[in-house]
Peer 1: 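This is the structure, below, for whatever I ask next.
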Amino acid sequence: MTRRTLGMMAAALCMSVAAHAQPGANVSGTWSTQFAGAAATVTFYQSGPNVVGTYVNTPPLLPGAIAGVMRGNVLTGRWTDASSSGGFTLAISPDGRSFAGTWGRSVASNTDGGPWLGRRN
């Protein structure tokens with residue numbers, strides 16, 4: 001999957017997420033994250049309340065795209081890769097250096113995948 005394809009996927013996801021929220025925390029940057037017993041590097045790009053990004057799992061699995069909306073200190077949205085997609089909800093810490101949340105195994109869920117933790121690089 002190319003960066004261009006990931007960018008187009010992220011843009012399409014962003015369009016599918018409601019974007020009428022007031023921005024809160026700014027998550028732009030690179031994050032080291034843990035979910036489903038694996039590690040992933042996530043890069044977020046934020047403009048106002050809208051957030052798009054990419055992730056790469058370690059060990060390498062399918063790279064993916066992320067799109068969401070920041071409401072206060074909570075980022076809610078969708079992730080997608082070449083074989084699946086799901087929802088997520090991430091609560092950003094007051095200092096903006098970490099998050100704790102959950103991810104879903106389908107677009108109908110933000111929780112059934114389990115915890116998702118991250119720390120800003």
Side-chain angles (χ1 to χ4, degrees):
M1 188 173 299
T2 67
R3 285 183 187 254
R4 179 183 163 122
T5 302
L6 286 173
M8 291 185 333
M9 288 170 62
L13 280 173
C14 191
M15 295 171 100
S16 72
V17 177
H20 302 312
Q22 293 297 316
N26 189 311
V27 295
S28 291
T30 304
W31 298 70
S32 296
T33 75
Q34 297 283 323
F35 68 96
T41 300
V42 176
T43 304
F44 290 120
Y45 305 93
Q46 184 172 348
S47 178
N50 301 312
V51 177
V52 296
T54 58
Y55 64 90
V56 178
N57 297 314
T58 306
L61 299 172
L62 296 171
I66 294 172
V69 175
M70 182 66 70
R71 292 180 177 93
N73 282 355
V74 177
L75 176 61
T76 304
R78 290 180 56 191
W79 62 268
T80 189
D81 62 32
S83 67
S84 59
S85 64
F88 66 85
T89 300
L90 307 176
I92 312 305
S93 66
D95 68 2
R97 304 291 306 156
S98 62
F99 67 73
T102 57
W103 63 281
R105 295 180 185 277
S106 71
V107 295
S109 176
N110 288 1
T111 61
D112 67 352
W116 190 357
L117 305 174
R119 182 156 305 279
R120 191 185 293 268
N121 292 346

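Excluded from the calculations below are hydrogen atoms, water molecules and symmetry mates; all remaining heavy atoms, backbone and side chain alike, are included.
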Peer 1: Measure the spacing between CH2 of W31 and OG1 of T43 and express it to the nearest 0.5 Å.
Peer 2: 11.5 Å
Peer 1: Taking R105 for its side chain and G114 for its backbone only, find out whether a donor-acceptor pair lies under 3.5 Å.
Peer 2: no
Peer 1: Let me confirm one number: the CZ-CD1 distance from R120 to I92, rounded to the nearest 0.5 Å.
Peer 2: 8.0 Å
Peer 1: Please find the pair of heavy atoms, one from N57 and one from A40, that lie closest to each other, and give the distance.
Peer 2: OD1-CB, 3.4 Å
Peer 1: Would you mind reporting whether V69 and N50 have side-chain heavy atoms less than 4.5 Å apart?
Peer 2: yes
Peer 1: Minimum heavy-atom separation for S32 to N121, with atom names?
Peer 2: OG-OD1, 2.6 Å
Peer 1: Going by distance alone, is a donor N or O of one side chain under 3.5 Å from an acceptor N or O of the other, for N110 and T102?
Peer 2: no
Peer 1: If every non-hydrogen atom of S109 is compared with every non-hydrogen atom of D112, which pair is closest and at what distance?
Peer 2: OG-N, 3.1 Å
Peer 1: What is the distance from atom CD1 of I66 to atom OG of S85, rounded to the nearest 0.5 Å?
Peer 2: 12.5 Å
Peer 1: Does S84 offer a backbone N or O that forms a donor-acceptor pair with the side chain of W79 under 3.5 Å?
Peer 2: no
Peer 1: Heavy atoms only: give me the nearest S93-N73 pair and the separation to one decimal.
Peer 2: O-ND2, 4.4 Å
Peer 1: Using a 4.5 Å cut-off on heavy atoms from C-beta on, say whether the side chain of L90 contacts that of F44.
Peer 2: yes
Peer 1: So L75 and Q46, do their side chains get closer than 4.5 Å, heavy atoms only?
Peer 2: no
Peer 1: Hey, are the side chains of T41 and T30 touching, using non-hydrogen atoms and a 4.5 Å cut-off?
Peer 2: yes
Peer 1: Using the ring pair (Phe, Tyr, Trp, His ring centres under 6.0 Å) criterion, which residues pair with F88? Sequence neighbours excluded.
Peer 2: W116
Peer 1: Do you know the tightest heavy-atom contact between D81 and P63?
Peer 2: CB-O, 3.3 Å
Peer 1: Strictly distance-based, threshold 3.5 Å: is any side-chain N or O of R78 a donor or acceptor partner for the main-chain N or O of V107?
Peer 2: no
